[in-house]
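The next block holds one structure in the form of structure tokens; read it before the comments.
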Amino acid sequence: MGRGGWLTLLGFVLLALNLRAAIAAVPPLLPDLQVDLGLDRSAAGLLTALPVLCFGLLSPFAALLGRRVGIEWALLAAMLGIVLGSLTRTLPHPGWLLVGTALVGAGITVGNVLVPSAVKQHFPGRPGLATGLSTASMTTGATVAAAVSAPLAYAMGWGWRGSLLAIGAFAGVAALGWLPQVRRRHTAPAVEPQRSGAGILRSPVTWQVAVFMGTQSMLYYAILTWLPSILRDQGVAPTRAGAALAVFNLLGIGTALVVPTLAVRRPDQRGLALVVCAGWAVGVLGLLALPTMYLLWTVVAGLAQGAALSLTLTLLVVRARTPASARQLSGAVQSIGYLLSATGPVLFGALRDATTGWDLPLAAMAVVTVLMAVSALGAGRDRQV
């Protein structure tokens, strides 16, 4: 690649760093944010659930935006949307917090949908390099945001508003880094007619993979949202709780890289899927039974979440018979899965409000791991749609 190619790749990295950071920055600050704005835990759970809901509902509109204005301009708008949302959610009234969170979620949705298309357009000869760096950057952004949001708020004295604004402002840096690319104009590919879409939804495989994705994603966003609060209620310092969340995100990188290679070696993935489910169960039950060993359970859950996500993406490929059915399966599974997972942060927050501790929410998460394992027995079986 020449100089222009490396600058474009840098632009992709900057974009990807912001595709989870604004979400991951919130959980370490939730206890003080709740006190300041008078939010109960179910309302606080919306701060993570709303972006996930956007993933499920707004993806078709993100593709439409890419076709109307071009991928490059749409990605620039996505970064500016994250900046605007980050600014809006620091305004005093709680309603602005939700409006700003929705804007952040909409911007991230556009990035989620269009970055793969942009990689294909800008790096047709090196898609692996660009995709790998983008994926690693997304996880890195979430890890760093979770680690620094509490120190910015407390050690630096910026408060939760200043911390969220500082992390959201980095999307402005990404917008500047991406600005040279708007001289080009690639349009997102039109969605092909999906004549067999109804057949995809009638297949049991689709629903089994969708439930597997939805339950693993529900657990991920529930832990992402509430792990710092769980630890702070146990007397853990805010910065240590944020560091534990950063470890949870960071450790997913390794298993996310390894698991797909293991999964494609044989046509049946049920054994591997059950191991992943067991990892999630150990992490959740460990937090329930021995919370003082939270670092160990955070490590186990972090390894499991990276494995579960990458296994889900692999299943979307190996369970599909043709490229066309793979696109249809991916669209159906991700829509159903994200809508299901968006209920997690709100549900578990409501359970905490209804009780005096985290025992019932964590027990409910353990039940979700059982549902995940049941769906894995169907999703991992050697069948195709």
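Residue indices begin at 1 and follow the sequence shown. Note that the structure is a prediction, hence the values are computed from the model and not measured.
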Check: [Y] and [X] side chains under 4.5 Å, non-hydrogen atoms:
X	Y	answer
Met372	Phe212	yes
Cys277	Thr369	no
Arg232	Asp32	yes
Leu98	Leu47	yes
Val52	Met218	no
Met213	Leu316	no
Thr314	Val259	no
Leu46	Thr101	no

When you measure from the side chain of [X] to the backbone of [Y], do you find a donor-acceptor pair of N or O atoms at a distance under 3.5 Å?
X	Y	answer
Arg352	Pro361	no
Gln269	Arg266	yes
Thr206	Ile200	yes
Trp160	Ala153	no
Ser335	Ala332	no
Thr90	Leu87	yes
Arg319	Arg381	yes
Ser310	Pro260	no
Asp353	Ser42	yes
Ser163	Ser149	yes

(message) Could you see if Val211 belongs to whatever hydrophobic cluster contains Met365? Use Ile, Leu, Val, Met, Phe, Trp, Tyr and a side-chain cutoff under 4.5 Å.
(response) no
(message) Would you say that more than 12 heavy atoms from the other residues, nucleotides or ligands in this model lie under 6.0 Å from the CZ of Arg270, or not?
(response) yes
Please report the closest heavy-atom contact between [X] and [Y], naming both atoms and the distance.
X	Y	answer
Gly380	Leu315	CA-CD2, 4.4 Å
Thr355	Leu360	CG2-CD2, 3.5 Å
Ala364	Leu351	CB-CD1, 3.7 Å

(request) Using distance alone, with no hydrogens and no angle criterion, decide if Gln181 and Thr8 have a side-chain donor and acceptor under 3.5 Å apart. (result) yes
(message) My understanding is that only residues two or more places apart in sequence, or in another chain, count here; which of them pass side-chain contact (heavy atoms from CB on, under 4.5 Å) with Leu176?
(response) none
Working to the nearest 0.5 angstrom, can you tell me the gap between [X] [atom1] and [Y] [atom2]?
X	Y	atom1	atom2	value
Leu50	Leu103	CG	CG	10.5 Å
Met138	Leu15	CE	CG	10.5 Å
Tyr154	Leu29	OH	CG	5.0 Å
Leu53	Thr109	CG	OG1	9.5 Å

(message) I'd like to know whether Leu245 forms a side-chain contact (heavy atoms from CB on, under 4.5 Å) with Leu224, so could you lay out the CA-CA distance, the side-chain angles of the two residues, the decisive distance to 0.1 Å, and finally the verdict.
(response) CA-CA 7 Å; Leu245 186 63; Leu224 180 72; 4.0 Å; yes
(request) Decide if the gap between the ring center of Tyr220 and the ring center of Phe248 is smaller than 6.0 angstrom. (result) yes
(message) Let's go through Thr139 and Arg20 carefully: what are the C-alpha distance in whole Å and the side-chain angles of both, what is the deciding distance for side-chain contact (heavy atoms from CB on, under 4.5 Å) to 0.1 Å, and is it a yes or a no?
(response) CA-CA 7 Å; Thr139 303; Arg20 291 296 182 274; over 6 Å; no
(message) Between Trp358 and Leu231, is the side-chain contact (heavy atoms from CB on, under 4.5 Å) condition met? List the steps.
(response) CA-CA 10 Å; Trp358 288 101; Leu231 299 183; over 6 Å; no
(message) Applying side-chain contact (heavy atoms from CB on, under 4.5 Å) to Tyr338 and Leu57, what does each step give before you reach the verdict?
(response) CA-CA 9 Å; Tyr338 279 132; Leu57 296 177; over 6 Å; no
